[in-house]
Amino acid sequence: MTREPTETRRETEREPSSPHPRARLKRKDLLGIRELDPEEILLILDTAEAFKEVSEREVKKVPTLRGKTVVNLFFEPSTRTRTSFELAAKRLSADTVSIATTTSSLMKGETLLDTVRTLEAMAIDALVVRHSMAGVPHQLARHLPIPVINAGDGAHEHPTQALLDAFTIRERKGRIAGLKVAIIGDLLHSRVARSNIYLLTKLGASVWVSGPQTLLPPHYEELVPDGLYVTPKIEEALEGADVVMALRLQLERQKECFFPSLKEYAFRFGLTRDRLRWAKEDAIILHPGPMNRGIEIASDVADGPHSLILDQVANGVAVRMAVLYLLMGGTPA
Ligand code: CP
């Protein structure tokens with residue numbers, strides 16, 4: 001009994017054995033994947049690998065960011081991203097504050113910039129922001145001296161989602177280079193797809209995207225110099241795929257009618273067991289969540305033996321710990 005507090009303290013204070021104990025990202029903010037080079041991406045993935053075991057300990061905490069404060073500012077709904085940023089910060093011993101934008105002074109007409117300057121005056125150390133307008137995190141980053149992390153901006157980028165997807169793929173497949181990844185669904189509104197395309201092609205995967213013509217952005221193949229293939233034929237995208245990612249149909253962003261009915265969408269583009277026969281036998285299934293079950297993905301696929309959807313969620317905490325650590329200058333081991 002008397003040994004317990006000491007053991008708990010030791011456990012709490014044991015830093016993970018980072019492969020890059022003094023590494024930092026060579027930038028103040030994480031705003032997108034497009035501007036990262038492959039070495040920076042690999043640094044984040046390797047650091048996340050070292051942090052993953054912290055969440056498997058009985059005492060899920062290390063002192064890395066003790067005394068620092070992370071603020072979450074989300075202008076759009078979120079379960080996974082907001083909770084995992086909060087857990088990641090807490091597991092690094094940082095203090096966290098989540099601002100409820102609907103009950104903040106933004107509702108009284110305060111500008112976003114005045115709001116974040118007000119938060120910064122209270123000596124916060126990092127800001128995590130999600131907004132429906134592309135570019136908002138970039139604008140805030142230009143005005144703030146602290147790290148700003150993009151937790152999703154409109155249909156532009158969702159960098160930490162792509163990082164956790166890549167982490168999950170690498171964990172299961174052992175590599176990214178040389179894999180065929182099929183991304184199926186609502187490409188037009190998907191920041192997840194854009195960030196994944198940047199990341200996976202930088203690391204040497206070939207990415208095939210498919211969905212209804214109306215949800216395939218024009219000139220989409222020009223997003224990256226090479227490695228991206230666009231086809232309206234879902235079977236062509238799925239054929240021989242090592243990884244299949246279903247995208248959420250973002251009905252809240254769709255101001256016009258892009259397809260005749262949800263039933264028809266599910267029939268033509270939903271990931272079903274039958275359709276997945278085109279992919280490799282050991283293909284893994286990803287979905288960023290939240291899922292529209294029975295529309296973009298059948299329940300028996302989402303819950304099936306090849307699905308890594310809950311692994312993605314678990315890995316999100318480790319990846320966000322790595323991002324906070326690399327941007328906020330935590331104590332090296
Ligand atoms: N994948 C994702 O961003 O999920 P949330 O909207 O729940 O954060």
Side-chain angles (χ1 to χ4, degrees), residues 30-33 44-45 48 55 70-91 96-102 126-137 148-169 171 181 183-200 209 211 243-254 271 284-293 295-297 301-303 307-324:
L30 179 64
L31 301 174
I33 300 293
I44 298 171
L45 300 185
S55 296
V70 178
V71 171
N72 273 330
L73 187 59
F74 278 57
F75 291 86
E76 284 188 321
S78 169
T79 298
R80 280 146 282 266
T81 313
R82 196 172 68 169
T83 310
S84 63
F85 264 116
E86 193 157 340
L87 286 176
K90 285 184 195 304
R91 287 180 189 174
T96 61
V97 179
S98 283
I99 310 282
T101 50
T102 50
L127 180 71
V128 180
V129 62
R130 169 174 287 189
H131 202 283
S132 58
M133 275 177 60
V136 164
V148 174
I149 301 168
N150 181 0
D153 63 324
H156 180 228
E157 281 228 41
H158 191 349
T160 56
Q161 178 68 44
L163 287 160
L164 75 87
D165 292 339
F167 184 95
T168 307
I169 294 170
E171 189 176 54
V181 181
I183 303 181
I184 310 295
D186 181 357
L187 276 305
L188 188 62
H189 301 98
S190 181
R191 55 195 176 205
V192 171
R194 287 170 71 98
S195 288
N196 263 291
I197 289 165
Y198 290 134
L199 192 156
L200 295 167
V209 299
V243 179
V244 180
M245 183 185 298
L247 296 173
R248 185 170 70 85
L249 194 54
Q250 300 195 34
L251 295 166
E252 77 280 12
R253 294 193 206 276
Q254 297 183 11
L271 281 188
I284 57 173
I285 309 299
L286 304 180
H287 190 300
M291 288 182 275
N292 296 303
R293 284 176 181 265
I295 300 177
E296 71 259 4
I297 189 164
V301 173
D303 303 328
S307 168
L308 297 185
I309 294 170
L310 291 177
D311 297 62
Q312 289 173 271
V313 176
N315 291 336
V317 178
V319 162
R320 287 165 180 134
M321 286 172 84
V323 168
L324 292 173

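Worth knowing before you read on, the calculation uses all heavy atoms, side chains too, and leaves out hydrogens, waters and symmetry mates. Counting convention: from 1, in listed order, for ligands and their atoms alike.
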> Looking only at side chains, do Glu76 and Ser132 share a donor and an acceptor under 3.5 Å apart?
Replying inline: no
>> We want to know whether His158 and Arg130 form a side-chain donor-acceptor pair, criterion being a heavy-atom distance below 3.5 angstrom.
In response: yes
Restricting to side-chain contact (heavy atoms from CB on, under 4.5 Å), what partner residues turn up for [X], sequence neighbours left out?
{"X": "Ala314", "value": "none"}
{"X": "Thr83", "value": "Leu87"}
{"X": "Glu171", "value": "Lys52, Phe167, Asn315"}

Can you list every pair where an N/O of ligand 1 is under 3.5 Å from an N/O on the protein?
residue, atom, partner, partner atom, Å
ligand 1, 1 (N), Gln161, OE1, 3.0
ligand 1, 1 (N), Pro288, O, 2.8
ligand 1, 1 (N), Gly289, O, 3.2
ligand 1, 3 (O), Thr81, OG1, 3.0
ligand 1, 3 (O), Arg130, NH2, 2.9
ligand 1, 3 (O), His158, NE2, 2.9
ligand 1, 4 (O), Arg80, NE, 3.1
ligand 1, 6 (O), Arg130, NH1, 3.0
ligand 1, 7 (O), Thr79, N, 2.8
ligand 1, 7 (O), Arg80, N, 2.9
ligand 1, 7 (O), Arg80, NE, 3.0
ligand 1, 7 (O), Arg80, NH2, 3.3
ligand 1, 8 (O), Ser78, OG, 2.6
ligand 1, 8 (O), Thr81, N, 2.9
ligand 1, 8 (O), Thr81, OG1, 2.6
ligand 1, 8 (O), Arg130, NH2, 3.4

>> Please determine whether the number of non-hydrogen atoms from other residues, nucleotides or ligands lying under 6.0 Å from atom CZ of Arg80 exceeds 12.
In response: yes
